[in-house]
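Residue numbers start from 1 in every chain, and the chains themselves are labelled A, B, ... in the order their sequence lines are given, proteins ahead of strands.
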2 protein chains.
Amino acid sequence: MNVNRIFAALASLPRRQIIAFLSQTALSTTDLAARFGTSAPAVSRHLSVLQHAGLVSAGRQGQRVMYRLNRDVLLGALAQFASEVDGPLRRAAQPARTPREAI
Amino acid sequence: MNVNRIFAALASLPRRQIIAFLSQTALSTTDLAARFGTSAPAVSRHLSVLQHAGLVSAGRQGQRVMYRLNRDVLLGALAQFASEVDGPLRRAAQPARTPREAI
DNA sequence: AATACGATTAACATTCATGTTAATAGTATG
DNA sequence: CATACTATTAACATGAATGTTAATCGTATT
């Protein structure tokens, strides 16, 4: 899991919006394009970036390619980054403390 | 706390590196510029972005301006984004309600 | 096989981000 | 007060990202 690549993927607002949509249900490229104002090719490239970062998975179903979110990867990356930032000082001071149970 | 602004700030690799440095200790602009290969003005603008996002705080000490990381803001934003992604489906799918400590 | 539909890639233009050097502002010190 | 040091802003150039339309590929349907 490449945290830098994942955060680079999360850099873009449209991609975070795509993730928000995919957090509810699996969607195809045109589904997402319809939910945005944008074109299918634009969505397709965003999905490609997300996929290479490991954040989404693609599965073809007939003509459509359905994308779904890899929650574990996303949450894992957030947790890792959080621990990198939270780590050095706090672990020295308070070994057992985690900021929040979710991450 | 503006999650979009925070993620936009986290988009940049140099800024995440700055955050990594500041997670260890407070540093001045030139301190950070020395740790990078980059110039002071470049660092200064990155720090400005981070500060407007609320991720770092500045405090002048004599000639120097010391920057330190606002861990709570950063970790809070990560937790909020995580809960947004983690939330909808899991709360709907899980028969037992997940306690919402959502921040 | 021919056509239609969905997805991706190519090519292009435009906008945004990053870094550099030069100039300006603020603070301390001789 | 003049000088030195730190930080920030201005102006500029360059590279990357995003979106558009047109073209290509894959799959299904008739």
Side-chain angles (χ1 to χ4, degrees), chain A residues 2-22 25-70 74 77 81, chain B residues 2-22 25-70 74 77 81:
Chain A
N2 186 339
V3 174
N4 274 340
R5 198 165 200 173
I6 288 176
F7 268 87
L10 295 179
S12 153
L13 177 59
R15 283 197 288 270
R16 288 198 303 280
Q17 291 174 326
I18 286 177
I19 286 177
F21 280 123
L22 293 184
T25 179
L27 292 171
S28 71
T29 305
T30 49
D31 289 340
L32 285 163
R35 279 164 174 77
F36 284 74
T38 68
S39 63
V43 171
S44 182
R45 266 189 327 189
H46 283 306
L47 286 169
S48 174
V49 172
L50 291 171
Q51 193 176 359
H52 280 86
L55 288 172
V56 305
S57 298
R60 186 176 272 274
Q61 285 182 2
Q63 295 172 327
R64 325 167 71 82
V65 176
M66 302 304 290
Y67 285 90
R68 89 195 93 74
L69 179 63
N70 295 335
L74 174 53
F81 182 69
Chain B
N2 186 339
V3 174
N4 274 341
R5 200 165 199 174
I6 288 175
F7 268 88
L10 294 179
S12 152
L13 177 60
R15 283 197 286 271
R16 289 197 303 279
Q17 291 174 327
I18 287 177
I19 286 177
F21 281 123
L22 293 183
T25 179
L27 292 170
S28 72
T29 305
T30 48
D31 289 339
L32 284 164
R35 281 164 173 77
F36 283 75
T38 69
S39 63
V43 171
S44 182
R45 266 190 327 187
H46 283 305
L47 286 168
S48 173
V49 172
L50 291 171
Q51 192 175 359
H52 281 86
L55 288 172
V56 305
S57 298
R60 185 176 273 274
Q61 284 182 3
Q63 295 172 327
R64 326 167 70 82
V65 176
M66 302 303 289
Y67 286 90
R68 88 194 95 74
L69 179 63
N70 295 335
L74 174 52
F81 183 68

Colleague: Given dA7(C), dT18(D), dG19(C), identify the nucleotide with an atom nearest to the side chain of His46(B).
Modeller: dG19(C)
Colleague: Which whole-number value in Å describes the distance from Leu47(B) CG to dT6(D) P?
Modeller: 16 Å
Colleague: Output yes when at least one side-chain N/O atom of Ser28(A) is less than 4.0 Å from OP1 or OP2 of dA7(C), else no.
Modeller: yes
Colleague: How would you list all residue pairs meeting ring pair (Phe, Tyr, Trp, His ring centres under 6.0 Å) that involve residues 38-63 of chain B, not counting sequence neighbours?
Modeller: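 Output for this query is empty, none listed.
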Colleague: What is the distance, rounded to the nearest whole Å, between atom CG of Asp31(A) and atom P of dT8(C)?
Modeller: 12 Å
Colleague: Choose from dT18(D), dT20(C), dA22(D) the nucleotide whose nearest atom is closest to any side-chain atom of Thr38(B).
Modeller: dT20(C)
Colleague: Just by modelled atom types, is the Gly62(B) backbone N or O under 3.5 Å from a matching donor or acceptor in the Arg60(B) side chain?
Modeller: yes
Colleague: In residues 4-18 of chain A, which ones come under 4.0 Å of DNA chain C, going by heavy atoms?
Modeller: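 Hits under 4.0 Å, by residue number: none.
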Colleague: Under the rule for side chain to side chain donor-acceptor pair (under 3.5 Å), what residues qualify as partners of Ser28(B), not counting sequence neighbours?
Modeller: Thr30(B), Asp31(B), Arg64(B)
Colleague: Would you check if Leu69(B) and Phe21(B) make a side-chain contact, meaning some heavy-atom pair closer than 4.5 Å?
Modeller: no
Colleague: What is the distance, rounded to the nearest whole Å, between atom CG of Leu32(A) and atom C1' of dG6(C)?
Modeller: 13 Å
Colleague: Hey, does the side chain of Arg68(A) reach the backbone of Leu27(A) with a donor-acceptor pair shorter than 3.5 angstrom?
Modeller: no
Colleague: Rounded to the Å, how far apart are Met66(B) CE and dT8(D) P?
Modeller: 12 Å
Colleague: Within this structure, what is the CZ-to-C1' distance between Arg64(B) and dA28(C), rounded to whole angstrom?
Modeller: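 Checked: the CZ to C1' distance equals 13 Å.
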Colleague: Give one of base, sugar-phosphate or nothing for Ser39(B), where a contact means two heavy atoms less than 4.0 Å apart.
Modeller: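 Result for Ser39(B) = base.
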Colleague: Residues two or more places apart in sequence or in another chain: which of them pass side chain to side chain donor-acceptor pair (under 3.5 Å) with Asn2(B)?
Modeller: none
Colleague: Counting only heavy atoms and a strict 4.0 angstrom limit, can you tell me which residues of residues 49-61 of chain A come near DNA chain C?
Modeller: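 Per residue number, the list is empty: none.
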Colleague: What's the closest nucleotide to the Thr30(B) side chain, out of dA7(D), dT8(C), dG19(C)?
Modeller: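 Out of dA7(D), dT8(C), dG19(C), the nucleotide with an atom closest to Thr30(B)'s side chain is dA7(D).
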Colleague: How many whole angstroms separate atom OH of Tyr67(A) from atom C1' of dA7(C)?
Modeller: 7 Å
Colleague: Among pairs that include at least one residue of residues 36-56 of chain B, which meet salt bridge (Lys or Arg N to Asp or Glu O under 4.0 Å), considering only residues two or more places apart or in two chains?
Modeller: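 Checked against salt bridge (Lys or Arg N to Asp or Glu O under 4.0 Å) - neighbours excluded - no pair reaches residues 36-56 of chain B.
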Colleague: Are Leu55(B) and Leu10(B) close enough that some pair of their side-chain heavy atoms sits under 4.5 Å apart?
Modeller: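 Yes; the side chains approach each other to less than 4.5 Å.
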Colleague: Would you say that Leu47(B) contacts Val65(B) through its side chain, given a criterion of any heavy-atom pair below 4.5 Å between the two side chains?
Modeller: no
Colleague: Output the rounded distance in Å from CD (Gln63(A)) to P (dA7(C)).
Modeller: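 Interatomic distance, CD of Gln63(A) to P of dA7(C): 8 Å.
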Colleague: Identify which nucleotide among dT8(D), dG19(D), dT8(C) has an atom closest to any side-chain atom of Ala42(A), counting heavy atoms from C-beta outward.
Modeller: dG19(D)
